[in-house]
Amino acid sequence: MLSVLRVHLPSDIPIVGCELTPYVLLRRPDKTVTTDDVPESAPLDGHFLRYKWYRIQSDKKVAVCSIHPSEQATLQCLGCVKAKIPVTKSYHCSPKCFSDAWQHHRVLHDRAASAVNENGNEEEEVFGRFNSSGSGVLNTSLSGSVSSTSLTNGSAPLYPAAVTQRSGGETWFEVGRSKTYTPTADDIGHVLKFECVVVDAESKVPVGHVNTILTSRVIPAPSPSPRRLVPVNGVDVMGHLDSDGRISSSGTFTVLSYNILSDVYATSESYSYCPSWALSWPYRKQNLLREIVGYRADIVCLQEVQSDHFEEFFAPELDKHGYQALYKRKTNEVVFTGGAQAIDGCATFFRRDRFSHVKKYEVEFNKAAQSLTDAMIPSNQKKSALNRLVKDNVALIVVLEAKFSNQGADNPGKRQLLCVANTHVNVHQDLKDVKLWQVHTLLKGLEKIAASADIPMLVCGDFSSMPGSAPHTLLAMGKLIHQLPLVSAYSSFARLGVGLGMEQQRRRMDPTTNEPLFTNCTRDFIGTLDYIFYTADSLTVESLLELLDEESLRKDTALPSPEWSSDHIALLAEFRCKPRIRR
């Protein structure tokens with residue numbers, strides 16, 4: 001007979017908006033062991049598995065600490081209540097917790113005060129975070145009844161909510177009937193219970209032992225302070241929002257570049273300071289998706305995207321938000337983890353309502369290395385040269401056509417093309433020559449495209465190179481070596497104007513290199529590795545996503561963290577195509 005051998009959850013700390021998928025190990029009637037589901041629609045030997053999820057609600061109201069979300073709160077900041085800051089951010093588990101977090105917490109008060117404009121209305125954030133049903137707003141009505149008359153979760157159909165048990169000051173509400181369950185804001189502060197039992201398909205009567213799991217209290221999804229879009233020309237960009245909250249200036253578009261930290265590299269050994277639940281992929285993928293979607297960029301360039309995560313998660317999820325997806329995985333580098341293999345690569349997405357796909361080029365540096373050694377390296381040195389150059393890195397180049405125009409009536413119907421390169425250069429610090437050669441190879445490929453068409457260019461990615469290094473210098477100041485007039489977008493903070501917020505951003509820049517102080521921040525390293533370069537003869541920078549500084553990160557915290565799910569920060573720039581000069 002079908003029997004359940006083991007049931008457990010990958011993490012016992014449930015987070016709002018992050019799907020819980022229990023691991024259920026079964027023994028089939030033929031004695032083989034499997035983790036495959038046996039639903040009622042496809043019983044096995046006359047039996048199937050029935051699942052139920054319950055919320056255990058206590059008559060005593062429970063608040064969760066905003067700093068240590070697995071701890072129950074014991075005090076509340078009344079200043080937050082007065083300033084109308086989200087209530088979940090006002091709770092702390094101890095006076096020491098509140099004192100230690102005060103430097104960061106004070107920023108919330110300052111932001112709340114500055115968000116009230118001269119008319120007394122609160123400003124809208126350009127890139128708000130977690131403003132959906134998974135916002136983490138505490139449900140203060142913890143007893144009595146659930147918030148709706150019918151519920152659905154996972155793949156289960158709608159069914160009436162039911163109070164299944166009440167004793168000892170606790171009420172158990174049934175909240176799900178599928179194997180998976182995604183906690184909601186109503187679950188915050190409560191323990192969840194999962195039940196799994198084998199059921200006779202004919203009689204519908206459970207047989208055997210009921211397997212159960214109790215979770216920790218559900219915690220809200222952490223929400224970092226939103227990052228604003230800062231104009232480089234001093235004009236307040238807040239006045240250029242359309243009904244969907246996106247930038248709607250005529251003829252402009254936004255580009256995001258983000259190394260999202262591949263799951264295979266996000267190990268507890270490398271990031272021991274990050275809580276295990278915040279390092280888990282089920283949590284990080286939802287947190288990353290919320291962040292990426294929240295930026296509402298027209299073009300999104302991601303690095304370190306595992307091929308299975310692209311196909312199963314990012315491509316279908318971003319498709320729901322109107323993005324078309326393109327992908328190039330690394331050539332040979334396979335990382336084995338947990339008995340499976342994973343390969344990461346570069347993924348580029350663009351909004352179908354803003355751009356159409358014209359052409360895709362794939363750059364495999366391994367092939368370029370082979371061609372180079374065949375043409376220039378003596379036979380007795382080819383092996384060592386290839387061992388040095390073959391590192392599996394790639395670049396993805398996409399040519400797009402804009403569905404908007406800023407050319408005016410003088411050039412009606414003129415196509416506006418755009419070339420976007422997305423790459424992740426080799427990470428090893430002792431291979432500086434290889435980094436330089438990979439960047440040089442990419443630029444030579446882009447030069448060929450530029451020679452065939454009058455086309456603005458963007459070069460985005462993680463270049464694994466600090467400002468002032470040879471690869472960075474080649475990109476930013478190498479016009480004598482290559483013919484592309486490339487400029488780093490974020491250098492605009494150092495070069496242009498005295499607009500709103502510019503001084504604050506300049507303090508987050510390195511004055512010697514005109515680049516951000518950091519885009520990568522771990523316990524062992526802090527520095528800039530990520531860039532957005534653009535051709536200055538055909539594009540201008542209108543605005544930039546504000547940079548983070550140490551005050552924006554919690555005291556003594558590195559990345560990744562519960563708030564930010566990568567060890568890199570996202571970069572975003574708004575561009576405008578320069579009008580073409582008629583010849």
Query raised in the report: Sequence neighbours excluded, which residues qualify as side-chain contact (heavy atoms from CB on, under 4.5 Å) partners of D319?
Result: R352

Query - Partner set under ring pair (Phe, Tyr, Trp, His ring centres under 6.0 Å) for H440, not counting sequence neighbours - result: none

Query raised in the report: Which of parallel (below 30°), tilted (30 to 60°) and perpendicular (above 60°) describes F349 and F310?
Result: tilted

Query raised in the report: With sequence neighbours excluded, what pairs up with K444 under the side chain to side chain donor-acceptor pair (under 3.5 Å) test?
Result: E447

Query raised in the report: Who are the side-chain contact (heavy atoms from CB on, under 4.5 Å) partners of A470, not counting sequence neighbours?
Result: L436

Report summary line: S262 meets the side chain to side chain donor-acceptor pair (under 3.5 Å) criterion, sequence neighbours left out, with Q306

Query raised in the report: Who are the side chain to side chain donor-acceptor pair (under 3.5 Å) partners of T528, not counting sequence neighbours?
Result: none

Report summary line: The ring pair (Phe, Tyr, Trp, His ring centres under 6.0 Å) partners of W277 (sequence neighbours excluded) come to Y283

Query raised in the report: What do the steps show when you test Y265 against D567 for side-chain hydrogen bond (donor to acceptor under 3.5 Å, both in side chains), and what is the final call?
Result: CA-CA 11 Å; Y265 305 133; D567 55 346; over 6 Å; no

Query - Pairing residues for F355 by the ring pair (Phe, Tyr, Trp, His ring centres under 6.0 Å) criterion, not counting sequence neighbours - result: F253, F404

Report summary line: For K432, the side-chain contact (heavy atoms from CB on, under 4.5 Å) test, sequence neighbours excluded, returns none

Requested in this report: Kindly assign one of parallel, tilted or perpendicular to the pair H472 and F533, based on the angle between their ring planes and the thresholds 30° and 60°.
Outcome: tilted

Report task. Report the residues that fulfil ring pair (Phe, Tyr, Trp, His ring centres under 6.0 Å) with H568, sequence neighbours left out, ordered by chain and then residue number. Result -> none

Query raised in the report: Between S488 and E515, is any side-chain donor less than 3.5 angstrom from a side-chain acceptor?
Result: yes

Query raised in the report: Of all residues at least two apart in sequence or in a different chain, which pass the side-chain contact (heavy atoms from CB on, under 4.5 Å) check with H357?
Result: Q324, L326, F350, K360, V398

Requested in this report: With sequence neighbours excluded, tell me which residues meet side chain to side chain donor-acceptor pair (under 3.5 Å) with K328.
Outcome: E362, E364

